[in-house]
Amino acid sequence: MSLLEKFRGALLGVAVGDALGAPVEGFDGESARRFYEKHGWKMVSGKYTDDTEMTIGVAESLIACKGFNGAHLAQQFLRNYNESRGYGPGTREVLKMLSEGVSWKEASRKIFGGEGSYGNGAAMRIAPVGLLYHENAEKLREVAFKVSEITHAHELAKEGAALLAFAVALACRYGCNRYTVSAEEEEEEAGETKREMLRSLHAFARHRIYKEKLARIEALLHAKEDEEEARKRAVSELGNGEAAFNSVPTAIFSFLRSHDFRESIVFAISLGGDTDTIAAMTGAVSGAFYGERSIPREWLESLESGVVAYLTKLAEDLYELSKEI
Ligand code: R7I
Ligand code: MG
Ligand code: MG
């Protein structure tokens, strides 16, 4: 598989996860599952939400500026802002301040009692950073923090974003340009790579809450329970809410425990809660790991018009830029 296919897979994975999760955002797991079982896991609305819109903004700004530029990125978020995409309340407030002329260096620190938001709105849009800096973990962390800080100043939001970006980066390194292996060999290699990914993520994490949740993922992966028990434990031990620490580890787990793109998205949505965002983040990592061709055609074809072509173009531009920097 080529690296370019992985770049495309990651960005398309975000949009597919987001659009599939959106109609059931806020449902409990059982209701979300029932809804989609009724629809045979077809995409009922191809409309994407803030998760994809902000991912597009991050990619556009990184490409235009050949890296991070805070003033440009803040303006890009404003240019792209479409209220009907359903932004989180904290992010809406920060964007309003930015539109009124508050500096991009200050706005995000003015909410949630001065500490800033720990919502998952930074992690949900971070895939382009993981792609662009997939070869350099410390640069990736630095840029993920800066891209987050425009709207999310809280340490735990920034760490969640850096972790998700790093998961995307690690997924890019797997299986590139590999030739002819049997299905069994491939399965075994994927399993070993995923165990290594989890170890790398654990070493990369700095905050106790993320380290603990990544350790729990390891235990959950070993538990080998049936689907229902796995879902229950994922929700109670990792979370399915809007806080970064209650959704980033959950997305990483949804990817790690599954065997292909589709399975990981179905699992993520079946947990309920912040389904568009958990599925968007799962889709970023799964899409990078398994590549564009692993995404079910019918899901891509059901996305709203123009977005597949546009994300493909952004992925290609990021790929070219990644060779330059
Ligand atoms: O993080 P954010 O952009 O929201 C993203 C979510 C995703 O599910 C999208 O799909 C969209 O639906 O919105 O928006 P924020 O408002 O910054 O954070 C999300 C939520 O996390 C907040 O509304 C709060 O409920 C919670 N939260 C906090 N609660 C208490 N104290 C975030 N930070 C804090 C905090 O510091
Ligand atoms: Mg959303
Ligand atoms: Mg959401």
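Numbering of ligands and ligand atoms starts at 1, following listing order. These numbers were taken from a predicted model, which means no experiment stands behind them.
Ring pair Y36/H39 is perpendicular by interplanar angle, where above 60° counts as perpendicular and below 30° as parallel. Ring geometry for F204 versus F166: interplanar angle under 30°, hence parallel rather than tilted (30 to 60°). Below 30°, between 30° and 60°, or above 60°: for F27 and F35 the angle between ring planes is above 60°, a perpendicular geometry.
To the nearest 0.5 angstrom, S117 atom OG is 12.5 Å from K158 atom NZ. Taking CD of E60 as the start and CG of L318 as the end, the distance is 10.5 Å to the nearest 0.5 Å. Interatomic distance, OG1 of T193 versus CG of L170, reported as 10.5 Å (0.5 Å rounding).
At a heavy-atom cutoff of 4.0 Å, ligand 1 is contacted by no atom of I111, backbone or side chain. Contacts with ligand 1 closer than 4.0 Å are made by side-chain heavy atoms of E25 only, the backbone lying farther away. Residue-level proximity to ligand 1 for R92 is absent, since no heavy atom of it falls below 4.0 angstrom.
Remark: R85 is positioned above the aromatic ring of Y48, its terminal NZ or CZ atom under 6.0 angstrom from the ring centre and at most 45 degrees off the axis. Judged by the 6.0 Å and 45° rule, K194 forms no cation-pi pair with Y174.
Between the OD1 atom of D50 and the OG1 atom of T49, the angle taken at the Mg ion (ligand 2) works out to 80° after rounding to 10°.
Looking at E25 and the Mg ion (ligand 3) together, the shortest N, O or S contact belongs to OE2. The N, O or S atom of D51 lying closest to the Mg ion (ligand 2) is OD1. When the Mg ion (ligand 3) is compared with the N/O/S atoms of D274, atom OD1 turns out nearest. For the Mg ion (ligand 3), the nearest N, O or S atom contributed by D276 is named OD1.
Put simply, the side chain of N136 gets close to the backbone of K139: a donor and an acceptor are under 3.5 Å apart.
For ligand 1 and D276, the ligand atoms under 4.0 Å from any heavy atom of the residue are 10 (O). Each of the atoms 15 (P), 16 (O), 17 (O) of ligand 1 lies under 4.0 Å from some heavy atom of G90. Set against the non-hydrogen atoms of S117, the atoms of ligand 1 under 4.0 Å away are 15 (P), 17 (O), 18 (O), 32 (C), 33 (N). For ligand 1 and G116, the ligand atoms under 4.0 Å from any heavy atom of the residue are 36 (O). Those atoms of ligand 1 with a heavy atom of G86 less than 4.0 angstrom away are 11 (C), 12 (O). Set against the non-hydrogen atoms of D51, the atoms of ligand 1 under 4.0 Å away are 9 (C), 10 (O). Numbered from 1 in the order shown, with element, the atoms of ligand 1 that lie under 4.0 Å from a heavy atom of G88 read 4 (O), 11 (C), 13 (O), 14 (O), 16 (O).
In terms of protein heavy atoms, atom 21 (O) of ligand 1 is closest to G119 CA, 4.0 Å. Ranking the protein heavy atoms by distance from atom 23 (O) of ligand 1 puts P89 CG, 3.3 Å first. Looking at atom 1 (O) of ligand 1, its nearest protein heavy atom turns out to be H152 NE2, 2.7 Å. The protein heavy-atom contact nearest to atom 19 (C) of ligand 1 is E242 OE1, 3.3 Å. Considering only non-hydrogen protein atoms, atom 3 (O) of ligand 1 sits nearest to T91 OG1, 2.5 Å. With respect to atom 30 (C) of ligand 1, the closest heavy atom belonging to the protein is Y118 OH, 3.3 Å. Shortest contact from atom 22 (C) of ligand 1 to any protein heavy atom: F112 CZ, 3.8 Å. Remark: minimum distance from atom 6 (C) of ligand 1 to any protein heavy atom is reached at N120 OD1, 3.6 Å.
Two different hydrophobic clusters hold L256 and I278 under the rule that ILVMFWY side chains link at heavy-atom gaps under 4.5 Å.
The ring of H134 has its center closer than 6.0 angstrom to the ring center of F7. Aromatic pair Y81/Y87: centroids less than 6.0 angstrom apart.
For the pair T277 and ligand 1, the shortest N or O to N or O distance falls below 3.5 Å. Below 3.5 Å of separation, one finds an N or O of D50 facing an N or O of ligand 1.
Looking at heavy atoms from C-beta onward, R206 lies in side-chain contact with R141 at the 4.5 angstrom threshold.
Judged by the shortest distance from any of its heavy atoms, E115 lies outside the 4.0 Å radius around the atoms of ligand 1.
Residue N120 does not count as close to the Mg ion (ligand 3), with no N, O or S atom under 2.8 Å.
Look at R33 and E30 and you find no salt bridge, because none of the NZ, NE, NH1 or NH2 atoms lies under 4.0 Å from a carboxylate O. Between E301 and K42, no side-chain nitrogen of the basic residue sits less than 4.0 Å from a carboxylate oxygen of the acidic one, so the salt-bridge criterion is not met.
Only one option out of R233, R257, E229, K213 pairs with L220 in a side chain to side chain contact (heavy atoms under 4.5 Å, CB included); it is R233.
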